[in-house]
Amino acid sequence: FSAGMLARAAELPGQGSLHSLSRHQLSADLSVAEIGGSDRYRAKGRIDQDVANGSIRIREGAGGTLAGLIGLPGLGAIDLDLQADGDRAANTVAITLAAGALSASGQGTISLVDRRADIDFSAKAPAMQPRQDVSWQSLTLDGHMHGAFDVPDLSGTLQIDDAKIAGAGIAQLAAEVSGSGGQLDIKVTATRLRLPGSDPDLFAETPLVVTAHANLGAAPAIAFAISHPLLSASGQVNIENGAALAAVVTIPSLAPFAATQNVDLRGSATLKIDASQSGPQTNLALDGQIRAEGSSLMGRLLGDNATLTLQ
């Protein structure tokens, strides 16, 4: 692993056995222990005719391998326990996680043969800085999943106070998700959003709201909208047979953005974006219209009916 991923070097030899006939019938008895350290990773259990029994245990000191792999080397010591018990009538699962000051848990039942789950989960954390450019003052998560693996009923809330990431700051980030039968609705509200740049408070006065409706069924797609007085966007992402994006971005007033550069530029702008990817090939088309006015050179050059085309 690279030095940027891991806070410290580690040698992790393992031993054990793994037997697999199919996803319905397998067993594992694996143990990994850090040489010269205290990190331990243990998995012992089986899936027998779609019934899971066994446990996974991880004991990792601060700056360990797992924290580095998820990109949060400052998360702290990690203690994770996952337990599965029971039979086809009640195959129970339970998970507990302590990662530094963050704690999380989940419990419920699964049916591998029917590909269903009924799981409740939650997490909370006080002020933490798991990475140099990531921090928060508090974090709370509460969620519920019921139904089929591929089209579950979901509900959940997430709130992060005083979040900072990559130079941006959000006084409060609140997210809600709800849905059933593979139809999900998501709403994210960023209050007092501050972005790096010459005017970090440009978007801070009014919350920025992102909404999305996701169809996880036969033709998976996500319709989304971004709402803020300075900027709005709407579009759809289709993720069947590759990925395709169609979106329209509207800036009702150019003046607030131009003011950050002390430029006299007023008017509005609309940008249509079409992008698709099929295998290694990516196609992008931009079609914009700008209605500009003002004494600046940019305002005079663009005029009140400028167009932008890129393919």
Side-chain angles (χ1 to χ4, degrees), residues 143 150-158 160 163 165-170 172-197 199 202-258 260 265-292 302 304-311:
D150 51 351
V151 287
D153 296 349
L154 286 174
S155 64
T157 58
L158 170 68
I160 306 176
I165 179 168
I170 304 173
Q172 185 181 88
L173 180 69
E176 303 174 11
V177 59
S178 62
S180 62
Q183 304 291 319
L184 298 181
D185 290 294
I186 303 164
K187 180 179 180 181
V188 180
T189 303
T191 302
R192 291 204 60 79
L193 171 65
R194 303 182 79 249
L195 298 173
D199 188 357
L202 183 63
F203 286 87
E205 185 174 343
T206 305
L208 183 143
V209 179
V210 179
T211 57
H213 177 80
N215 173 22
L216 305 180
I222 302 171
F224 66 91
I226 301 172
S227 176
H228 189 275
L230 297 181
L231 178 147
S232 64
S234 61
Q236 180 160 312
V237 179
N238 295 310
I239 51 180
E240 186 180 23
N241 300 323
L245 165 69
V248 176
V249 180
T250 301
I251 301 175
S253 176
L254 298 171
F257 298 93
T260 65
L265 178 64
R266 301 180 300 280
S268 62
T270 302
L271 179 64
K272 182 180 179 181
I273 305 169
D274 288 291
S276 62
Q277 183 172 16
S278 179
Q281 182 174 352
T282 299
N283 300 308
L284 175 64
L286 303 178
D287 185 8
Q289 185 171 22
I290 303 173
R291 296 178 177 85
L302 291 173
D304 61 0
N305 192 25
T307 59
L308 169 66
T309 303
L310 175 62
Q311 292 187 350

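FYI, side chains are in, hydrogens and waters are out, and symmetry mates aren't considered; it's all heavy atoms of this structure. Just so we're clear, the structure is a prediction, and the values are computed from it rather than from any experiment.
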If every non-hydrogen atom of L184 is compared with every non-hydrogen atom of G179, which pair is closest and at what distance?
CD2-CA, 3.9 Å
Inter-residue atom distance Q289.CD - L271.CG, 0.5 Å rounding
11.5 Å
Identify each donor-acceptor pair in which a side-chain atom of residues 185-197 lies under 3.5 Å from a protein atom, sequence neighbours left out, and give them as a table.
{"from": "D185", "atom 1": "OD1", "to": "H213", "atom 2": "ND1", "distance (Å)": "2.9"}
{"from": "R194", "atom 1": "NE", "to": "D201", "atom 2": "OD1", "distance (Å)": "2.7"}

Separation between CG of L286 and CD1 of I273, rounded to the nearest 0.5 Å:
6.0 Å
Acceptor/donor pairs from residues 242-256 side chains to any protein atom, 3.5 angstrom cut, sequence neighbours excluded:
{"from": "S253", "atom 1": "OG", "to": "A255", "atom 2": "N", "distance (Å)": "3.4"}

Qualifying residues under ring-ring contact (aromatic ring centres under 6.0 Å, His included), relative to F203, sequence neighbours excluded:
H228
Those residues that, when tested against D153, pass side chain to side chain donor-acceptor pair (under 3.5 Å) (two or more places apart):
none
Can you tell me if CD on E205 sees more than 12 non-hydrogen neighbours from other groups inside 6.0 Å?
no
Side chain to side chain donor-acceptor pair (under 3.5 Å) with D150: which residues, sequence neighbours excluded?
none
Which pairs with one or both residues in residues 266-281 pass salt bridge (Lys or Arg N to Asp or Glu O under 4.0 Å), sequence neighbours excluded?
D264-R266, R266-E293
Closest heavy-atom contact between V237 and F224?
CG2-CE2, 4.1 Å
So, do Q183 and V151 sit near enough that their side-chain heavy atoms are less than 4.5 Å apart?
no
Would a 4.5 Å heavy-atom cut-off, applied to side chains only, mark F257 and L202 as touching?
yes
Nearest heavy-atom neighbours spanning I222 and A214:
CG1-CB, 4.1 Å
Positive for side-chain contact (heavy atoms from CB on, under 4.5 Å) with S276, one of L284, T282, N238, N283
N283
Pairwise distance CD1(I170) to CG(L208) - rounded to 0.5 angstrom
8.5 Å
